[in-house]
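Every heavy atom of this structure was used, including side-chain atoms; hydrogens, water molecules and symmetry mates were not. In what follows, every chain begins at residue 1, and chains take the letters A, B, ... in the order their sequences are listed. What you see is a predicted model; the values in this text were computed from it and never measured.
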Amino acid sequence: MTQEHPRTPGSGASADPARPAPRGRRELPVRDLHARITDWFADAARDLPWREPGCSPWGILVSEVMLQQTPVVRVLPVWREWLERWPSPAHLAAEPAGAAVRHWGRLGYPRRALRLHAAASAMVARHDGEVPRTYEELLALPGVGTYTAAAVAAFAFGRRETVVDTNIRRVHARLFGGTALPAPALTAAETRRAVDLLPEDDALSVRWNAAVMELGAVVCTARSPLCDACPVLDACAWVAAGRPAPDYVPKGQAWAGTDRQVRGAIVAVLRDAHAPVPRSVLLEAPVDLALGTGAVEVAGGAPGTLSALHGLRAPLEQLERALAGLMADGLAEETDGGIRLPA
DNA sequence: AAAACGTGGAG
DNA sequence: TCTCCAAGTTT
């Protein structure tokens with residue numbers, strides 16, 4: 001998702017992360033580190049529904065998948081609706097996959113909804129309708145990768161797992177590495193460091209994982225960190241080094257004119273239609289897309305119509321390619337009446 | 001291993 | 001306005 005790209009160094013000439021920490025930094029025993037950050041968490045943790053004691057493992061799994069690349073505030077309402085509608089894997093598995101996609105709304109990456117549905121079916125088939133308790137079993141579920149498997153094992157089942165997400169990576173990079181950002185991609189050294197840092201005690205390890213993640217999410221943020229509120233400010237290698245700028249700039253994802261934009265527009269139409277949409281309508285005829293920011297703000301065609309997409313460089317071809325991609329992914333199906341979400 | 005895969009709020 | 005980027009996974 002990110003890529004190295006040379007950039008002018010920040011103001012600090014002391015940006016070399018390899019050199020010893022300047023005199024301002026305090027070396028903190030790992031025990032104290034655990035205590036500082038988990039104590040901070042005990043006080044500062046946000047009240048999130050999937051953190052409540054009564055939340056089911058299924059609720060936690062759903063939250064973790066929804067939170068992949070997606071901000072908490074946007075997940076909240078969708079998560080509530082899902083859990084009310086589908087309180088267990090069996091409830092979701094009993095519905096067509098298209099229902100999962102439809103109720104995913106505009107969360108983004110709708111294939112996650114599809115995979116959650118497939119995961120629910122797998123849990124019914126292989127785990128008696130329960131969320132499995134081990135990292136290995138979790139990892140085998142569709143849409144569950146190393147982060148999500150570790151997070152669910154830890155947060156739903158209290159297991160001692162090494163959880164590494166983007167927040168944790170950033171906190172570690174600053175606190176120990178002295179850099180503004182972690183490497184573009186997860187490195188073996190980072191994983192090793194996370195393993196080494198994990199408290200021995202099961203219960204403490206769970207709190208530690210949640211606490212470091214929370215610290216990265218609300219204090220040690222990517223853009224403008226709130227260092228004044230940081231419980232380990234005096235131990236931070238990055239602060240001690242004068243908060244040097246990142247040595248690369250994360251590569252943003254292109255959006256305008258991409259297949260992803262077109263796929264998003266098509267899925268939006270299918271999601272809001274409650275009957276199959278004729279291919280011709282989907283590709284050419286005016287349709288009220290009611291889309292959000294820039295989704296169809298492209299040159300050519302009447303605004304607010306799918307035909308507006310023909311203003312793209314490879315208009316019709318691109319539409320057909322995008323549609324084919326959606327069908328290949330299982331996000332769309334062709335029937336007699338036209339295209340629809342999967343049944 | 002690089003690239004694809006959505007979305008909308010914030011700076 | 002426009003770029004950045006938010007609890008990643010898959011191929």
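Residue A:Ser63 is classed as having no contact, given no heavy-atom separation below 4.0 Å to the nucleic acid. A:Ala222 comes within 4.0 angstrom of sugar-phosphate atoms only, judged by non-hydrogen atoms across all strands, and of no base. Residue contacts shown for A:Arg46 include a base, since a base heavy atom lies under 4.0 Å away.
For A:Arg223, there are no salt bridge (Lys or Arg N to Asp or Glu O under 4.0 Å) partners at least two apart in sequence or on another chain.
Nearest nucleotide to the side chain of A:Thr146, out of B:dC5, B:dT7, C:dT9: C:dT9.
Distance A:Tyr109 OH to B:dG6 C1': 6 Å, rounded to the nearest Å. As rounded to whole Å, 13 Å separates atom C1' of B:dG8 from atom CZ of A:Arg223. A:Leu326 has its CG atom 7 Å from the P atom of B:dG6, to the nearest Å.
Under 4.0 angstrom from either OP1 or OP2 of C:dA7 there lies no side-chain N or O belonging to A:Thr70. The shortest distance between the side-chain N/O atoms of A:Arg74 and the OP1/OP2 oxygens of B:dG9 is not below 4.0 Å. For A:Arg271 and B:dT7, the shortest distance from a side-chain N or O to OP1 or OP2 is below 4.0 Å. For A:Arg106 and B:dG8, the shortest distance from a side-chain N or O to OP1 or OP2 is below 4.0 Å. Residue A:Gln69 places none of its side-chain N or O atoms closer than 4.0 Å to OP1 or OP2 of C:dA6.
Each of A:Pro71 and A:Asp329 lies near DNA chain B, and the nucleotide nearest A:Asp329 is the one positioned closer to the 5' end.
When all heavy atoms are compared, the tightest approach of A:Leu107 to A:Met66 is CD1-CG, 3.8 Å.
Between B:dC5 and C:dA7, the distance separating the two P atoms is 23 Å to the nearest Å.
Heavy-atom distances under 4.0 Å link DNA chain C to A:Asp165, A:Thr166, A:Asn167, A:Arg170 of residues 155-170 of chain A, given in residue order.
Through direct or indirect side-chain contacts shorter than 4.5 Å among Ile, Leu, Val, Met, Phe, Trp and Tyr, A:Leu139 is connected to A:Tyr135.
Between the side chains of A:Gln253 and A:Arg260, a donor-acceptor pair is found at a separation under 3.5 Å.
Hydrophobic cluster membership differs between A:Leu141 and A:Val124, with clusters built from Ile, Leu, Val, Met, Phe, Trp and Tyr side chains linked at under 4.5 angstrom.
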